[in-house]
Structure formats: C-alpha cells, structure tokens
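Read the structure below first, then the notes.
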Amino acid sequence: MLYECSSGLLGNGHHLHGISTISFQAWLSQSKRSKDYALPNSSWSQDMMDLYSRFLEMCKDGTWKRIPSYSDTADHVPGKACVHLESLKLANEKERKGTRFFPRNLDTEGVGFEYAMFLNPSEKRMVCLFQPGPYLEGHRGFAHGGSTATIIDSTVGGCAIFVAGRVMTANLSINYRNPIPLGSVVLVDSKVDQIEGRKVFLSCHVRSIDGQTLHAEATALFIQLNSTKSLQQQVSSQ
Ligand SMILES: CCCCCCCCCCCCCC(=O)SCCNC(=O)CCNC(=O)[C@H](O)C(C)(C)COP(=O)(O)OP(=O)(O)OC[C@H]1O[C@@H](n2cnc3c(N)ncnc32)[C@H](O)[C@@H]1OP(=O)(O)O
C-alpha cells in the first residue's frame with residue numbers, strides 16, 4: 001500500500017517504490033471529485049502555453065509526468081493514503097465542507113495561482129510552470145513574497161510526497177533575488193537532494209523562462225509522517 005511502504009511513490013531511480021507504476025497510472029486516471037485545474041485555460045499567456053506544450057512533449061517517452069491539480073486536498077493524495085484521508089473526509093465531512101486546497105481557492109481563471117506541475121521520477125524532480133495573477137500582488141505589479149513561498153512549498157511538497165509519501169513541511173528557507181512580475185511565467189524547479197530517515201531535504205530555484213533571471217532560491221525540509229496513524233491523529237498527537 002502506498003503509505004504502508006517506507007517511502008512514497010518513488011524509491012530508487014525510476015522504479016516507484018511501494019506501488020507499481022501501474023498504480024501510479026491508476027491514480028492519475030482515478031476519477032476525482034473535483035476538476036483538474038492544471039489544464040490550459042484562456043488566461044494562460046502564450047509563454048505559459050508554449051512552456052506547457054514543451055513539457056507535454058517530454059511526457060511522451062515517460063520521462064516526465066503531468067501532475068493533475070484539484071481544489072480538494074484529498075484528491076491530490078494518491079493510493080492508500082487516500083483511504084486514510086477518505087476516512088478523515090467521511091469522519092468530519094461537516095467540518096471540511098467548503099475547504100479548498102489553498103492554491104486552488106479561486107474559481108476565476110487567471111486571477112490567482114495559474115500553474116501546472118510535471119514530475120521527473122528518475123531525477124526525483126518536480127517542476128512547476130507558474131503564472132501569478134493580479135490577486136497575488138505584493139508590491140505594485142509584482143507577486144507577493146507569500147505567494148512565491150506558496151508555489152515553492154507546493155512544488156517541493158509535491159516532490160517530497162512522491163518520494164516519501166505523507167509528509168509535512170518542517171522548514172522552508174527562501175532567498176528572494178528578483179521580484180516576479182504579475183502575469184509573467186516562471187519555472188519553479190525542485191528536486192530531492194537527500195533523505196535521512198524520515199527527513200527529506202530538497203532544493204528549489206525559481207527562474208524566468210529564458211533562464212536569465214533568478215527570482216528565488218530555496219531549501220526545504222519535509223518530515224515523513226508516521227503512516228500507521230491517520231493524518232488527523234498524527235497532527236493532533238503533536
Ligand atoms: C501527490 C502529489 C500531488 C502534488 C501536487 C500537490 C502538492 C501538495 C503539496 C502541499 C504541500 C504543503 C505542505 C504544508 O504546507 S504542511 C503545513 C506546514 N507544516 C506544518 O504545519 C508542520 C508543523 N510541524 C509538525 O507537524 C512537526 O514538527 C513535524 C511533523 C514536521 C515533525 O514532527 P515529528 O514529531 O513527526 O518529528 P520530530 O519532531 O521528531 O522531527 C523528526 C526529525 O526532524 C528534525 N526536525 C523537525 N523539524 C525540524 C526543523 N524545523 N528543522 C530541522 N530539523 C527538524 C528533528 O530534529 C528530528 O531529527 P532527528 O532527531 O530524527 O535527527
């Protein structure tokens with residue numbers, strides 16, 4: 001089972017540890033309760049569309065996999081863990097009613113986080129094509145630093161989940177090098193650098209799509225949660 005194994009979807013190299021690639025594919029094609037927001041829409045700029053098409057092309061030989069994205073957190077969690085979250089979902093549906101996965105909490109296209117993620121299993125690498133909308137403004141015309149932190153946390157978080165299963169962010173350290181203009185497209189490029197027991201260390205760079213501008217660089221530490229407890233038990237027992 002996905003979260004019964006010692007790591008998440010990825011073990012060494014290309015092989016998905018703990019579950020077979022088929023299960024991974026099954027997860028990708030699993031019917032989800034909410035729509036996939038990581039698909040092109042009319043708010044995407046030509047740059048966003050071109051970059052997306054480039055990564056879709058690289059998915060053809062299986063090197064990269066497009067990662068769907070939903071407004072319901074539970075729809076992101078593949079395999080066995082879904083059951084845990086499913087029970088969490090069933091257990092307290094009332095409390096959860098109206099919750100949204102933060103980066104997908106706006107329905108108007110183009111105003112918030114427009115993004116699409118692609119995973120490279122063999123490199124333990126997750127990239128995110130990110131086009132910040134006008135509702136993410138910090139300084140006039142530029143993305144708020146917290147929105148950059150969110151897209152970095154989600155990208156490294158997605159990478160950590162695929163490698164180590166159910167994880168939580170323990171540390172996220174960001175150096176902001178150049179502001180990100182609203183409406184521009186940046187590439188958030190993250191990878192797992194090291195795993196020590198339950199500790200997953202990652203690094204991440206945010207660059208302009210021509211690679212000429214480094215907007216931010218980050219390191220992150222994610223901790224693998226105890227898979228024998230439900231997520232709710234795990235968090236409330238701390
Ligand atoms: C499926 C994929 C879909 C992809 C797209 C969707 C992406 C979605 C992604 C969404 C992503 C969103 C993600 C989010 O937003 S997660 C939300 C933000 N994060 C949190 O709220 C987490 C709060 N913290 C905790 O719950 C606990 O502290 C955790 C669980 C993290 C660890 O508590 P736990 O009791 O379990 O473990 P431990 O305390 O024994 O620590 C274990 C070890 O780790 C070391 N340590 C701990 N903390 C730190 C630290 N700060 N710096 C350095 N080291 C640290 C510690 O020294 C020890 O080391 P050692 O003594 O063993 O050597």
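Atoms within a ligand are numbered from 1 in the order they appear, just like the ligands themselves.
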message: Could you work out, for atom 2 (C) of ligand 1, the closest of Phe162, Phe222, Phe201 by heavy-atom distance?
response: Phe162
Contacts of type side chain to side chain contact (heavy atoms under 4.5 Å, CB included), residue Ser184, not counting sequence neighbours: Ile180, Pro181, Val186
message: If we ignore hydrogens and angles and just use 3.5 Å, is the side chain of Glu57 paired with the main-chain N or O of Ser53 as donor and acceptor?
response: no
- prompt: Just heavy atoms, cut-off under 4.0 Å: does Ile161 contact ligand 1 by side chain, backbone, both, or neither?
  reply: side chain
- request: Would you mind listing which atoms of ligand 1 come within a distance below 4.0 Å of any non-hydrogen atom of Phe101?
  value: 8 (C)
- prompt: Considering only heavy atoms, which of Ala160, Cys159, Cys128, Gly158 lies nearest to atom 4 (C) of ligand 1?
  reply: Gly158
message: Less than 4.0 angstrom from a charged side-chain N to a carboxylate O is my criterion; do Arg207 and Asp189 meet it?
response: no
- request: With heavy atoms under 4.0 Å as the rule, classify the contact between Leu221 and ligand 1 as side chain, backbone, both or neither.
  value: side chain
message: Other members of the hydrophobic cluster containing Val111, with the 4.5 Å side-chain heavy-atom rule, please.
response: Leu106, Tyr135
statement: Per-atom filter on ligand 1: closer than 4.0 angstrom to a heavy atom of Ser154 are 7 (C), 9 (C)
query: Hey, does Arg198 come in under 3.5 Å of ligand 1, counting only N/O atoms on both sides?
result: yes
task: Provide the number and element of each atom of ligand 1 under 4.0 Å from a heavy atom of Leu225.
output: 30 (C)
query: Quick one: are Tyr176 and His215 in side-chain contact, heavy atoms under 4.5 Å?
result: no
task: Could you tell me whether a side-chain N or O of Ser203 sits under 3.5 Å from a main-chain N or O of Thr219, the two making a donor and an acceptor?
output: no
message: Using heavy-atom distances only, which candidate in Met126, Gln224, Lys199 approaches atom 62 (O) of ligand 1 most closely?
response: Lys199
- request: Test Glu217 against Leu214 for side chain to side chain contact (heavy atoms under 4.5 Å, CB included), laying out the working first.
  value: CA-CA 8 Å; Glu217 49 193 348; Leu214 175 65; 3.8 Å; yes
